[in-house]
S.K.: 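My structure is below; once you've seen it, I'll send some questions.
Each chain gets a letter, A, B and so on, in the order the sequences are listed, and its residues count up from 1.
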There are 4 protein chains.
Amino acid sequence: MSSLRILFLGDVVGEPGRKAVIAQLPRFREEEGVDFIIVNGENAAGGRGITPRITIDLLRAGAAVVTTGDHVWDQPEIVDYFPTEPRLLRPLNYPEGTPGGGSVVLETAKGKVGVVQVQGRSFIQPPLENPFLAAEAEVERLRADGVNIIVCEIHAETTSEKIAMGRLLDGKASFVVGTHTHVQTADERIFPGGTGFLTDAGMCGPEDSVLGRSVESVVWRFRTGLPTRFPVAKGPVRLCGAIVDVDTETGKCISVRRVSHLVEAEAPEPAAATPQTL
Amino acid sequence: MSSLRILFLGDVVGEPGRKAVIAQLPRFREEEGVDFIIVNGENAAGGRGITPRITIDLLRAGAAVVTTGDHVWDQPEIVDYFPTEPRLLRPLNYPEGTPGGGSVVLETAKGKVGVVQVQGRSFIQPPLENPFLAAEAEVERLRADGVNIIVCEIHAETTSEKIAMGRLLDGKASFVVGTHTHVQTADERIFPGGTGFLTDAGMCGPEDSVLGRSVESVVWRFRTGLPTRFPVAKGPVRLCGAIVDVDTETGKCISVRRVSHLVEAEAPEPAAATPQTL
Amino acid sequence: MSSLRILFLGDVVGEPGRKAVIAQLPRFREEEGVDFIIVNGENAAGGRGITPRITIDLLRAGAAVVTTGDHVWDQPEIVDYFPTEPRLLRPLNYPEGTPGGGSVVLETAKGKVGVVQVQGRSFIQPPLENPFLAAEAEVERLRADGVNIIVCEIHAETTSEKIAMGRLLDGKASFVVGTHTHVQTADERIFPGGTGFLTDAGMCGPEDSVLGRSVESVVWRFRTGLPTRFPVAKGPVRLCGAIVDVDTETGKCISVRRVSHLVEAEAPEPAAATPQTL
Amino acid sequence: MSSLRILFLGDVVGEPGRKAVIAQLPRFREEEGVDFIIVNGENAAGGRGITPRITIDLLRAGAAVVTTGDHVWDQPEIVDYFPTEPRLLRPLNYPEGTPGGGSVVLETAKGKVGVVQVQGRSFIQPPLENPFLAAEAEVERLRADGVNIIVCEIHAETTSEKIAMGRLLDGKASFVVGTHTHVQTADERIFPGGTGFLTDAGMCGPEDSVLGRSVESVVWRFRTGLPTRFPVAKGPVRLCGAIVDVDTETGKCISVRRVSHLVEAEAPEPAAATPQTL
Ligand SMILES: [Fe+2]
Ligand SMILES: [Fe+2]
Ligand SMILES: [Fe+2]
Ligand SMILES: [Fe+2]
Ligand SMILES: [Fe+2]
Ligand SMILES: [Fe+2]
Ligand SMILES: [Fe+2]
Ligand SMILES: [Fe+2]
């Protein structure tokens, strides 16, 4: 049985997050034998969105696909970059005509790999089209095109949407993984139909933080209700995600293992300049 | 150094969940040497709320304290039961005059143990008073009363509120733990001030489910947007929570260990009779 | 110039509301010379949804079309009734395959009249597909089919969605009207392209109430955060809506006049049996 | 019987709104015989918040009290200005220690007038303390201090909170009025206990707009889900609010009359520079 090893890394937060990711990707390839890397970059630019430059840096460092989420448009320059880079995804369930795409198929030495991203609709903005219908149709389209190995990321607030997506795609996708809460869940498993699953990958950001932002700023916000800046935190970065082995013949998941790897700190970037939601 | 061992179990879902909890509590006491047990029972009655009878069963089985959450009032008979049972908590941050209490102190052979529950305010109903100010004041009040060992549960949707609560109470509470998402997180740790933490304990409910409810019903709901019943699922139950050791002198956390224990199925109760939110 | 006079009545609440509507529709036809009547019936059954029986009663009393909203499925028996009655609408922007339809064209002595209903997506459940794209496409489809006179109802919480819908359809629909807040707005007008508009029609329900429910129950809920029943209120009923004159040649709106008519009370029905959101 | 005439004006939007308000206040005093003016200024600074300069301008033009809302902190310089100007209010139901106050009593030739502002909790940020308990306690405190004439503004999204507040304070406040939706409602009335009421005052902003913002930008946002700037619109401004007569002996409301007054355009200010929620 031939297998493909996928590394999925959750929301990269700010300069500390992306420096740590870029520094560690080669190690994951060499030491872990990873074949294919997916990185969620929606918070890579100072916590808010992603730039073309950062996308290029992540791809050069070894990411095959970079995904985003509700923060996708935070850096306006990304809009015009989308048509030039199909390996950068935004949620699939935007209306027709939206810049960029939510699905991509890449050729690898071990066969085609499809990556699909959708966004949930509970407690997350903006309201988008039904992600269950969109993901199901796209995964079936890819399979009809002969793509066996398919990863579907659901960027969502609620655990119910994420688990329901995993069950909906069970037997159709190789791996379904959630992002957006920035906290890794401990429920990795393989569903009966052969689809690997993890409710949330967690983030790649400063350990001493609230979701990657400075502890003091977030605590102060909740105590007072007053607006404030939420600077990206400093110090050691934890890389969170999963390593998944997939049978290249059947596309079924062989194993899901959580990744939670602490990396020493790099020099931080300046704090974000404006108040912002997480 | 003398230590106290606390078992915290997340949201118990329906008859399968409570049967498994009741069957397993003695084992936790004996094999794990647990001194003090806290169980969240907000979904113990067919997935919706808790009854006096179920509360009594959980206490008799060994729980020292039973907590609730946003589903606390789902079974109307619980309102009049609250004044008779101080070991049953509802969130502290309801307005003055609300039946029941959100905090209790119990004497144990190893000293007093305080348990406080608050509810978050992001994406959860009903709107309550500021949980950060409420929890901080209550924990300080307990400490002024000589209570060293304090557990604070935050029943909330968002990871940001839960982590911020842990950091706010760092050095003041022994353990801060979240509930409500029904999925255990993998981020157990001890904060710099000595407070143990886990973003979400997870649930005690059927493994083959979406948050304890039947997979088919939840997937169908998300695909169609149409109302449906969400029967409690069947089959083996996973008990999720944490075991925490606390230094009885200082109240500081010595260790946090996640609990995730699969229990063979018991005979299920009939499905809930009406559509309901999770 | 030939014109058609349309009466639109907002959310009918409970037995008091529907009795008043049924009693008054003949008067509107005779005294006001109304040609075409649209009634929102989403709260007609004890405040929650609508039954086949009530739909039939409203149609017999003179309504040409009965619309609904987020409460459409509250009475389960309505699901199977939908395929038999095209004059009963549910929001158009449900996914394909949903029972019922969101658009209907009826022949009248003065020409075809199209009625379209969509539901907003801010602060209203469930999440549906984009109502702006759906309404625009449907209105254009009707116009391509030779339908000149088109009413579009947007059932939504926010004023921004409702006004934006009116502006989007300006020059394409004859009248755009909002429902769901149960309070009539005072901003009736005709947009530059000839489309009449009213942000919210208001409700047809008991005057001495909060949105048709008993004052005491709703005030108590907000003061305490505790669940309660919200019985339909009693006493005189105010019928709220609008009378709109449309040029039958061009489909353009000639005038919009608000309707706010107090009707003496009828005998009330028993209170609703379970707690419920409004 | 001696009476006091109050003018309440809803959310002033941008330069067009404040220019029109400032120009018209003298006319309201002279032609309408208004004794006391309250203006909601939460969107006066380019649509986002209010500055000290604008507050001073509104007070100088004749406003006795300027209120705010969820946009109160949008202009950071307002924080330090609050302690110097008690006639500028922010919602009362912020936690203790928040800059500014939510209630003020002013002496007039016809007696003391109290103004209280609270913010709702449904679909509006940030989460605050219970506005019903806060308003009730504050109004009773003012009455115990001999203040007869009391206006309570509730800045809220939902009609249910606003009407429930009016009923809760019926017989205690002279006038309860809602703001925030920017659309005037047509339900002005006097409740049985003598309290005047209007669900929403509407805004003081450009007529050809969506809530004061350019039509194109808001429609585009809803069609695409993509972020954009929402520049304040141009053209004639409609001043919306209410004129209320109060019996100075009893504090009871004698009459409530809606104000909706179109004012010719002034030169607009430059468009707001960043995307923003309404
Ligand atoms: Fe996100
Ligand atoms: Fe993120
Ligand atoms: Fe809960
Ligand atoms: Fe729960
Ligand atoms: Fe509705
Ligand atoms: Fe309604
Ligand atoms: Fe506002
Ligand atoms: Fe406003």
Side-chain angles (χ1 to χ4, degrees), chain A residues 120-124 130-133 135-136 157-170 178 180-189 191-192 198-203 207-213 215-225 230 238 240 258-260 277-278, chain B residues 120-124 130-133 135-136 157-170 178 180-189 191-192 198-203 207-213 215-225 230 238 240 258-260 277-278:
Chain A
R121 302 205 288 188
S122 298
F123 314 141
I124 193 166
N130 190 311
F132 295 88
L133 300 179
E136 193 176 31
E157 178 67 36
T158 64
T159 49
S160 57
E161 287 174 294
K162 289 165 173 171
I163 301 173
M165 183 65 76
R167 298 306 295 254
L168 174 67
L169 299 181
D170 184 24
H180 179 65
T181 73
H182 288 209
V183 175
Q184 190 178 67
T185 57
D187 64 337
E188 70 277 12
R189 72 188 109 161
F191 288 134
L198 179 63
T199 292
D200 204 288
M203 72 169 170
E207 171 89 333
D208 182 22
S209 74
V210 180
L211 316 190
R213 306 312 182 105
V215 170
E216 296 67 33
S217 67
V218 181
V219 169
W220 189 83
R221 164 71 179 177
F222 281 126
R223 288 181 83 258
T224 65
F230 296 111
R238 187 172 292 277
C240 290
R258 279 188 287 110
V259 168
S260 178
T277 60
L278 298 178
Chain B
R121 302 205 288 188
S122 298
F123 315 140
I124 192 167
N130 190 311
F132 295 89
L133 300 178
E136 193 175 33
E157 178 68 36
T158 63
T159 50
S160 57
E161 287 174 293
K162 290 165 174 172
I163 300 173
M165 183 65 75
R167 297 306 295 253
L168 175 68
L169 298 180
D170 185 22
H180 180 65
T181 72
H182 288 209
V183 175
Q184 190 176 68
T185 57
D187 64 337
E188 70 277 13
R189 72 188 112 160
F191 287 135
L198 179 63
T199 291
D200 204 289
M203 72 169 172
E207 173 90 332
D208 181 21
S209 73
V210 180
L211 315 190
R213 305 314 181 105
V215 169
E216 295 67 31
S217 67
V218 181
V219 169
W220 189 82
R221 164 69 179 179
F222 281 125
R223 289 180 83 260
T224 65
F230 296 111
R238 187 172 292 276
C240 290
R258 280 188 287 109
V259 168
S260 179
T277 60
L278 301 177

S.K.: If I compare all heavy atoms of B/T159 with all of A/T181, which pair ends up nearest, and what's the gap?
M.R.: OG1-O, 2.9 Å
S.K.: For the atom pair CD (B/E207) and CG (A/D187), what is the distance rounded to the nearest 0.5 Å?
M.R.: 9.0 Å
S.K.: Can you tell me which portion of B/S209 sits under 4.5 Å from chain A's heavy atoms? Options are side chain, backbone, both or neither.
M.R.: backbone
S.K.: Dump the intermediate steps for salt bridge (Lys or Arg N to Asp or Glu O under 4.0 Å) on A/E216 and B/R167, then the final yes or no.
M.R.: CA-CA 9 Å; A/E216 296 67 33; B/R167 297 306 295 253; over 6 Å; no
S.K.: May I ask you to test the B/T185-A/Q184 pair for a side-chain heavy-atom distance under 4.5 Å?
M.R.: no
S.K.: So what's closer than 4.5 Å to chain A heavy atoms on B/R221: side chain, backbone, both or neither?
M.R.: neither
S.K.: Looking at A/R238, A/R189, A/E157, which has the largest count of heavy-atom pairs under 4.5 Å with chain B?
M.R.: A/E157
S.K.: Quick check on A/D208 against chain B: is it the side chain, the backbone, both or neither that has a heavy atom closer than 4.5 Å?
M.R.: both
S.K.: Just give me the residue among B/L133, B/T158, B/N130, B/V183 that pairs up with chain A most often, heavy atom to heavy atom, under 4.5 Å.
M.R.: B/V183
S.K.: Which atoms of A/R258 come close to chain B, meaning under 4.5 Å heavy atom to heavy atom: side chain ones, backbone ones, both, or neither?
M.R.: side chain
S.K.: Of all the heavy-atom pairs spanning A/A164 and B/V219, show the shortest one and how long it is.
M.R.: O-CG2, 3.7 Å
S.K.: Of all the heavy-atom pairs spanning A/E136 and B/R223, show the shortest one and how long it is.
M.R.: OE1-NH2, 2.9 Å
S.K.: Please flag which part of A/R121 lies under 4.5 Å from any non-hydrogen atom of chain B: side chain, backbone, both or neither.
M.R.: neither
S.K.: What's the spacing between B/E161 CD and A/F222 CZ if we round to 0.5 Å?
M.R.: 5.0 Å
